[in-house]
Amino acid sequence: MIEITGKHLINGQWVNSTAATFTSANPSTDDVNPWTFFDASADDADSAVASAHDAFRQLRRKSAAQRAALLNAIATEIENLGEQLVHAAMSETALPQMRIEGERGRTCGQLRAFANNLLNPISPVFIDHAQPERQPLPKGDSRLTNMPLGPVVVFGASNFPLAFSTAGGDTASALAAGCSVIVKGHPAHPATTELVSHAIKRAIDICDMPTGVFNMVQSTTPQVAQQLVQHPQVKAVGFTGSQKVGDILNKLTQERPIAIPFFGELGSTNPQFILPQKLASDAQSLANNQVASMLMGHGQFCTSPGLVVVQNSDGLEGYLATLANAISEAPAGTMLTKGIAQTYNRQVDLLLSNPSLTHIASGAASNGGCQSSANAFSVSASDFIAQPTLQEEVFGPCALVVICDNDEQMGEFALSLTGQLTASVFGSDDELLDYIDLVDDIAQSVGRLMFNQLPTGVEVCHSMQHGGPYPASTAPQTTSVGSQAINRFTRPICLQNMPIALQPAEIKDGATHPQVIV
Ligand code: NAP
């Protein structure tokens with residue numbers, strides 16, 4: 001068993017410099033968990049960045065194979081934490097054991113996938129050989145590769161205590177890219193953060209990597225988070241959380257004397273478009289599947305389907321009746337934190353008091369605290385379009401059915417959409433072909449477009465795109481899931497006339513790395 005110290009991990013040492021402390025709570029009982037954590041000071045944050053900066057200067061000369069070994073070792077050491085990690089995560093998030101174990105598998109699988117990609121790269125480097133005889137001017141030897149950006153600050157996400165937190169996708173892709181990392185743990189699951197940090201420290205020691213490759217600070221004060229993203233030695237930020245905080249941090253990164261990339265995943269309502277013939281033929285199964293997807297994780301997934309878009313046509317009545325029935329049978333559920341439950345309940349109250357909306361149904365009543373009930377509403381497309389606030393994500397088990405008068409209004413609705421991580425379109429192949437313009441318009445607003453599939457569940461693979469136009473993400477050209485996530489933390493560099501002895505392995509003539517030679 002690892003003793004939880006409540007300290008920060010800086011340059012391989014567990015440290016604290018303040019007396020200020022905080023605790024985490026068990027959302028299902030509201031009991032305070034039996035650990036105390038130190039709030040990082042400004043000096044702690046500075047030391048963590050200095051450590052990452054020094055380590056980066058060594059890490060950038062480590063080979064891809066050495067970085068792969070570190071990622072594999074981190075996965076093994078997370079698994080070695082065994083039951084202790086599962087129980088800590090359960091008591092800090094109220095997520096069930098199966099979910100936490102599944103998330104641990106995903107986290108380790110993700111780390112190993114990045115390791116495998118480093119050992120078996122598929123993206124080529126480009127080599128232009130010298131042409132000294134070229135007229136009228138000789139051409140020099142130039143080679144295009146990618147280099148790591150430098151120290152990256154990663155914010156742990158509340159809704160994925162493992163897969164999007166301390167050793168989650170942002171950390172795994174930053175380390176794979178050759179960047180050092182400073183994690184700012186999420187204040188709702190600090191024991192989970194500390195345990196995973198122990199695993200990473202062990203892996204660093206086993207692999208003989210520089211100790212400051214990974215640093216972790218715990219804090220409940222916005223000042224520390226803001227200081228980290230403004231630090232001149234920090235070169236990029238990965239963030240998953242609210243639009244409000246994401247906007248604050250993004251602004252700070254852009255107002256620095258030298259702006260840095262801010263990769264924020266901030267919120268999405270993931271609209272589900274049901275075409276008229278499909279609604280007429282499959283209303284009941286569509287409604288039941290919609291509710292099942294929305295209730296996964298009690299609606300606390302970034303891809304949870306919060307909007308359904310239909311026409312006032314055959315099948316609508318049956319769809320709404322089935323939806324009402326399924327929602328009313330939904331049990332109340334525990335949310336990740338009291339703050340998230342309060343925000344959800346406040347947003348639902350606003351929807352209840354909105355005269356343009358019809359309340360379709362509520363699930364079983366909650367008992368207060370961190371619990372909440374499922375809800376569904378309907379609204380006309382014209383009222384929805386007239387009220388931009390209805391586009392805001394309601395983080396939790398809530399769906400809004402938008403009813404369009406006709407094809408034209410459905411198209412108008414699609415064009416009014418803000419940026420989304422995903423959207424789905426339901427229809428037969430023939431019907432989809434008839435709505436090709438609508439499909440193209442929806443594609444303009446989303447990072448992932450699905451056909452006849454619900455959005456919950458994000459595969460970690462080469463072709464995944466988890467991002468989208470703002471506010472889904474702040475960097476729609478990039479993804480936070482899948483192998484391409486590594487590109488967020490590198491930038492291209494052209495190395496011209498570089499002596500062979502200095503060349504990185506992947507650009508040397510004859511390297512096993514895929515090369516396009518001109
Ligand atoms: P959050 O409030 O955005 O917090 C994320 C991180 O930012 C935490 O580490 C938090 O730590 C820090 N922070 C908070 N206020 C800050 C400020 N003013 N300046 C700098 N840093 C600040 O997210 P959350 O706690 O995870 O959940 C709140 C809401 O975010 C949810 O209700 C939901 O709407 C949204 N959310 C969405 C997704 C998604 O995938 N779409 C995922 C998670 C959350 P401190 O509070 O200790 O400073």
Side-chain angles (χ1 to χ4, degrees), residues 20-25 27 37-40 42 45 92-93 95 153-161 163-166 168-170 182-190 192-193 216-231 237-253 262-270 296-306 335-348 350 370 372 391-398 418-422 447 455-456 458 466-468 470-474 480-481:
T21 57
F22 68 99
T23 51
S24 64
F37 300 88
F38 294 99
D39 247 317
E92 292 190 320
T93 62
L95 293 171
V153 169
V154 171
F155 284 80
S158 59
N159 58 339
F160 280 90
F164 278 91
S165 275
T166 314
D170 287 348
I182 307 111
V183 160
K184 192 283 193 188
H186 195 283
H189 55 249
T192 310
T193 300
M216 180 278 291
V217 290
Q218 307 260 27
S219 151
T220 55
T221 59
Q223 289 82 350
V224 164
Q226 297 179 10
Q227 179 192 344
L228 284 170
V229 306
Q230 293 179 95
H231 197 293
V237 179
F239 174 90
T240 304
S242 65
Q243 190 175 336
K244 183 178 140 214
V245 176
D247 284 346
I248 293 171
L249 296 175
N250 191 17
K251 190 160 180 279
L252 291 175
T253 62
F262 179 85
F263 301 105
E265 196 207 301
L266 310 185
S268 180
T269 51
N270 306 300
M296 281 177 73
H298 206 50
Q300 299 168 104
F301 285 158
C302 45
T303 52
S304 193
M335 303 205 75
L336 290 156
T337 67
K338 200 176 264 178
I340 289 177
Q342 283 166 349
T343 304
Y344 172 79
N345 290 326
R346 200 167 46 241
Q347 285 180 294
V348 168
L350 276 177
C370 290
S372 72
Q391 297 236 15
E392 287 168 15
E393 177 185 52
V394 178
F395 192 67
C398 181
T418 55
Q420 306 291 334
L421 289 172
T422 75
T456 33
V458 185
H466 193 66
Y470 180 85
S473 85
T474 57
S480 60
V481 177

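Indexing begins at 1, ligand by ligand and atom by atom, following the structure's order. The model shown is predicted, which means the values in this text are computed figures rather than measured ones.
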For [atom], closest protein heavy-atom neighbour:
| atom | result |
| --- | --- |
| atom 26 (O) of ligand 1 | Ser158 OG, 2.5 Å |
| atom 17 (C) of ligand 1 | Pro222 CB, 3.5 Å |
| atom 46 (O) of ligand 1 | Pro187 CG, 4.1 Å |
| atom 3 (O) of ligand 1 | Ser242 OG, 2.6 Å |
| atom 7 (O) of ligand 1 | Val245 CG1, 3.5 Å |
| atom 32 (O) of ligand 1 | Ile340 CG1, 3.8 Å |
| atom 25 (O) of ligand 1 | His186 NE2, 3.0 Å |
| atom 31 (C) of ligand 1 | Phe395 CD2, 3.7 Å |

To the nearest 0.5 angstrom, please state how far the [atom1] atom of [X] sits from the [atom2] atom of [Y].
| X | Y | atom1 | atom2 | answer |
| --- | --- | --- | --- | --- |
| Leu421 | Glu393 | CG | CD | 8.5 Å |
| Cys370 | His298 | SG | NE2 | 11.0 Å |
| Phe262 | Leu249 | CZ | CG | 5.0 Å |

Near [X], which atoms of ligand 1 are under 4.0 Å from a heavy atom of that residue?
| X | result |
| --- | --- |
| Gly267 | 41 (N) |
| Leu249 | 20 (C) |
| Gln226 | 17 (C), 18 (N), 19 (N), 20 (C) |
| Asn159 | 40 (O), 42 (C), 43 (C) |
| Phe239 | 3 (O), 5 (C), 6 (C), 7 (O) |
| Ile248 | 18 (N) |
| Glu265 | 40 (O) |

Under 4.0 Å from ligand 1, counting heavy atoms only, is it the side chain of [X], its backbone, both or neither?
| X | answer |
| --- | --- |
| Ser219 | backbone |
| Ala225 | side chain |
| Glu393 | side chain |

Legend entry - 4.0 Å heavy-atom contact, Tyr344 with ligand 1: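 Per 4.0 Å heavy-atom rule, Tyr344 does not contact ligand 1.
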Heavy atoms only: give me the nearest [X]-[Y] pair and the separation to one decimal.
| X | Y | value |
| --- | --- | --- |
| Thr418 | Pro471 | CB-CD, 3.9 Å |
| His189 | Ser165 | NE2-OG, 3.1 Å |
| Ser480 | Glu265 | OG-OE1, 3.5 Å |
| Phe395 | Met335 | O-CE, 3.6 Å |
| Ser304 | Thr456 | CA-CG2, 4.1 Å |
| Leu228 | Ile182 | CD2-CG2, 4.1 Å |

Legend entry - Chi angles and distances behind the side-chain hydrogen bond (donor to acceptor under 3.5 Å, both in side chains) call for Asn270, Thr422: CA-CA 5 Å; Asn270 306 300; Thr422 75; 2.9 Å; yes
Legend entry - Among Phe164, Phe263, Phe155, the one residue meeting ring-ring contact (aromatic ring centres under 6.0 Å, His included) with Phe239: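 So the option named by the test is Phe155.
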Legend entry - From Gly339, Gly241, Cys302 - option closest to atom 44 (C) of ligand 1 by heavy atom: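 Answer by nearest heavy atom: Gly241.
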Legend entry - Heteroatom distance test (Lys184, ligand 1): nitrogen or oxygen, under 3.5 angstrom: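 N/O-N/O distance below 3.5 Å exists for this pair.
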Inset, instruction - Would you check the N or O atoms of Thr343, main chain and side chain alike, for any that come under 3.5 Å of an N or O of ligand 1? - result: no
Legend entry - Any donor-acceptor N/O pair, Gln218 side chain to Pro190 backbone, under 3.5 Å: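 Judged by distance alone, yes, a pair lies under 3.5 Å.
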Inset, instruction - Give me the one residue out of Val245, Leu266, Thr474 that meets side chain to side chain contact (heavy atoms under 4.5 Å, CB included) with Asn250. - result: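 Single pass found, and it is Thr474.
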